[in-house]
Amino acid sequence: MIIFGVAFLALCTLAGIFVGELLGKLIGVPANVGGVGIAMVLLILLGSSLKKRGLFTMDSEQGVKFWSAVYIPIVVAMAAQQNVFGALSGGPMAILAGIAAVAIAFALVPLLDRIGRKELEADEAKPLTTEG
């Protein structure tokens with residue numbers, strides 16, 4: 001059902017925001033540090049894992065695709081809520097946290113690429129059957 005996809009997206013978003021807030025508190029920055037990025041990584045990794053196990057159906061995927069159509073306005077609204085000036089005036093720790101988040105995201109690109117390639121290879125290896 002489509003509603004399960006929307007619920008899955010909401011769960012990943014809430015988990016990402018929680019971890020981002022927790023990370024901000026741990027490094028002493030009164031802001032969410034990378035919550036949206038964490039949510040997106042969770043969405044990709046968990047969604048891929050659930051799809052491989054057959055627990056994430058095409059109907060559920062439609063719920064995620066629905067929100068992907070309005071993704072950019074949502075991210076802009078979330079970013080507008082963050083106190084960027086407060087984070088920058090927080091000192092070098094805030095800047096270091098931002099650089100670390102970007103570095104981790106770049107480091108995950110090859111891993112995500114390998115996951116995607118394995119899915120493509122698995123799909124191509126499946127024999128096509130014709131029923132007649």
Inset, instruction - Identify whether L96 and F106 are in the same connected component of the hydrophobic contact network (ILVMFWY, side-chain heavy atoms under 4.5 Å). - result: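 Different clusters.
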Inset, instruction - Spell out, yes or no, whether F18 and L46 are grouped together once hydrophobic residues are joined by side-chain heavy atoms under 4.5 Å, including indirect joins. - result: yes
Which pair of heavy atoms, one from [X] and one from [Y], lies closest together, and at what distance?
X: A39; Y: C12; result: CB-O, 3.3 Å
X: G20; Y: I38; result: N-CD1, 4.2 Å
X: L42; Y: A15; result: CD1-CB, 3.7 Å

Legend entry - Residues clustered with L112, ILVMFWY side-chain links under 4.5 angstrom: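 Other cluster members: V41, I44, L45, I104, L108, L111, I115.
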Inset, instruction - First locate atom CG of L22, then atom CD1 of I17, and finally report the distance between them rounded to the nearest 0.5 Å. - result: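 So the gap between those two atoms works out to 13.5 Å.
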Legend entry - Heavy atoms from other residues, nucleotides or ligands near NZ of K52 exceed 12 (cutoff 6.0 Å): yes
